[in-house]
Participant: 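One structure, as structure tokens, below. Some questions next.
In this text the structure is predicted, and so the values were computed from the model without any measurement. All residue numbers in this chain count up from 1 along the given sequence.
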Amino acid sequence: MNLQVAPSLLAADFARLGEAVEIVNRSDASLIHIDVMDGMFVPNISVGFPVIASISRVAEKPLDVHMMVVDPGRFVGAVRDAGAHLMNVHYEACTHLNRVIASIHEAGMKAGVTLNPATPVGMLEDIIGDVDMVLLMSVNPGFGGQKFIPGTIAKVRRLHELIALSGSQALIEIDGGVDLNTAPALIEAGADILVAGSYVFKAPDPIRAIHDLRLLGENR
């Protein structure tokens, strides 16, 4: 499959959020990435469900909602009702991960699991066959614009091997410090979806930036 790009609205100007969504609509991005932060699981607070619902009404790309919150299973219904296509929950935040993944699927969404930089991919061995996506954080979660953690490249390779050995259909998504410099090695290692925030929304031409990133995966 072709490389997918998921622009992260966390890096957009929140005073002009509708314009940012329209930019993504007109681009060849595949998803819109939305970070939900509670100030507890991560040291920051971002958007809530009313904002996601507003985005959903004007978005022409599926919403990839990344829940950086304590006990995200509480919010499956709210995420679905806000218009999400995929709900991504942190392994570290779920006491009963199988139950949460099942409830996301029962709600009609695709289910993703996110790993913090220090969490090894082997922790997913017993659930990899049940998820649609694994998101590897390539920065510590909570803030945009951080420096890419180089060890993520080897981690992508290990996850790719785990997926292949298990027969899982899960896609590999990367979030944090993604740009034209870090993307090639991620793609070579097996990444399917690249989340890009600052790279896209700080660019002079965000639509061109998205296109240039996606083109890196043309010959994968």
Participant: Where do Val178 and Asp175 land on the side-chain contact (heavy atoms from CB on, under 4.5 Å) test, with the steps shown first?
Facilitator: CA-CA 7 Å; Val178 172; Asp175 184 4; over 6 Å; no
Participant: Taking all heavy atoms of Arg157 and all of Ala189, pick out the closest pair and write down the distance.
Facilitator: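 That closest heavy-atom pairing would be CG-CB, 3.6 Å.
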Participant: For the backbone of Lys110 and the side chain of Asp132, can you confirm whether one donor and one acceptor N or O come within less than 3.5 Å of each other?
Facilitator: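 Looks like no, no N/O pair under 3.5 Å.
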Participant: For residues 197-211, which residue pairs pass the salt bridge (charged side-chain N to carboxylate O under 4.0 Å, His left out) check, not counting sequence neighbours?
Facilitator: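 Output for this query lists Arg208-Asp212.
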Participant: Can you list every pair that meets side-chain hydrogen bond (donor to acceptor under 3.5 Å, both in side chains) and has a residue in residues 49-63, with sequence neighbours left out?
Facilitator: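 Applying side-chain hydrogen bond (donor to acceptor under 3.5 Å, both in side chains) to every pair that reaches into residues 49-63, excluding sequence neighbours, yields Ser54-Arg57.
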Participant: Nearest 0.5 Å, please: how far is CG in Leu186 from CD in Glu173?
Facilitator: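 That separation rounds to 12.0 Å.
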Participant: Take Leu9 and Val21, measure what side-chain contact (heavy atoms from CB on, under 4.5 Å) needs, and give me the verdict at the end.
Facilitator: CA-CA 8 Å; Leu9 294 182; Val21 174; 4.1 Å; yes
Participant: With a cutoff of under 4.5 Å between side-chain heavy atoms, which Ile, Leu, Val, Met, Phe, Trp and Tyr residues group with Leu165?
Facilitator: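 Same cluster as Leu165: nobody, lone residue.
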Participant: Between Ser138 and Gly176, is there a donor-acceptor pair closer than 3.5 Å when you use the side chain of the first and the backbone of the second?
Facilitator: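 Answer holds: yes.
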Participant: Check the angle between the aromatic planes of His90 and His66 and answer parallel, tilted or perpendicular using the 30° and 60° thresholds.
Facilitator: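 Parallel.
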Participant: Ser166 and Ile128: which non-hydrogen atoms are nearest, and at how many Å?
Facilitator: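 For Ser166 and Ile128, the tightest heavy-atom pair comes out as OG-CG2, 3.4 Å.
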Participant: Closest heavy-atom contact between Val47 and Val36?
Facilitator: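 The pair with the smallest heavy-atom distance is O-CG1, 3.6 Å.
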Participant: Got a donor-acceptor contact below 3.5 angstrom from the Asp71 side chain to the Ala93 backbone?
Facilitator: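 No; zero donor-acceptor contacts below 3.5 Å.
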Participant: Show the numbers, then the answer: is there a side-chain contact (heavy atoms from CB on, under 4.5 Å) between Asp192 and Ile174?
Facilitator: CA-CA 8 Å; Asp192 300 297; Ile174 311 299; over 6 Å; no
Participant: Would Leu135 and Leu115 count as a side-chain contact (heavy atoms from CB on, under 4.5 Å) here? Give the steps.
Facilitator: CA-CA 6 Å; Leu135 170 57; Leu115 297 183; over 6 Å; no
Participant: Taking Tyr199 for the side chain and Ala209 for the main chain, is one N or O donor matched with an acceptor at less than 3.5 Å?
Facilitator: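 Yes; judged by distance alone, with no hydrogens or angles, the pair exists.
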Participant: Between the side chains of Thr119 and Asn116, does any donor sit under 3.5 Å from an acceptor?
Facilitator: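 The criterion, which ignores hydrogens and geometry beyond distance, is not satisfied for Asn116 and Thr119.
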Participant: Rounded to the nearest 0.5 Å, how far apart are CD1 of Ile149 and OG1 of Thr182?
Facilitator: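 Taking CD1 in Ile149 and OG1 in Thr182, the distance rounds to 12.0 Å.
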Participant: Decide, yes or no, whether a salt bridge links Glu22 with Arg26 under the criterion of side-chain N to carboxylate O below 4.0 Å.
Facilitator: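 The answer is yes: the pair qualifies as a salt bridge.
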Participant: For residues Ile104 and Phe49: do they belong to one hydrophobic cluster (side chain heavy atoms under 4.5 Å, members Ile, Leu, Val, Met, Phe, Trp, Tyr)?
Facilitator: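 Yes, Ile104 and Phe49 fall within the same hydrophobic cluster.
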Participant: Just by distance, do the side chain of Asp64 and the backbone of Val195 share a donor-acceptor pair under 3.5 Å?
Facilitator: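 Between the backbone of Val195 and the side chain of Asp64 there is no qualifying donor-acceptor contact (under 3.5 Å).
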Participant: What are the two closest heavy atoms between Pro7 and Phe201, and how far apart are they?
Facilitator: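 Closest approach of Pro7 to Phe201, heavy atoms only: CB-CE1, 4.0 Å.
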Participant: Does a donor on one side chain and an acceptor on the other come within less than 3.5 Å for His96 and Asn98?
Facilitator: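 Not at all, the side chains of His96 and Asn98 share no donor-acceptor pair under 3.5 Å.
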Participant: Please check if the number of heavy atoms outside Arg74 that lie under 6.0 Å from its CZ is greater than 12.
Facilitator: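 Atom CZ in Arg74 is crowded, with more than 12 foreign heavy atoms closer than 6.0 Å.
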Participant: Measure the spacing between CE of Met137 and OG1 of Thr114 and express it to the nearest 0.5 Å.
Facilitator: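 Here the rounded value is 7.5 Å.
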Participant: Can you tell me if Ser46 uses its side chain to pair, donor with acceptor, with the backbone of Asp35 under 3.5 Å?
Facilitator: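 Yes, the answer is positive, given that a donor and an acceptor are paired below the 3.5 Å cut-off.
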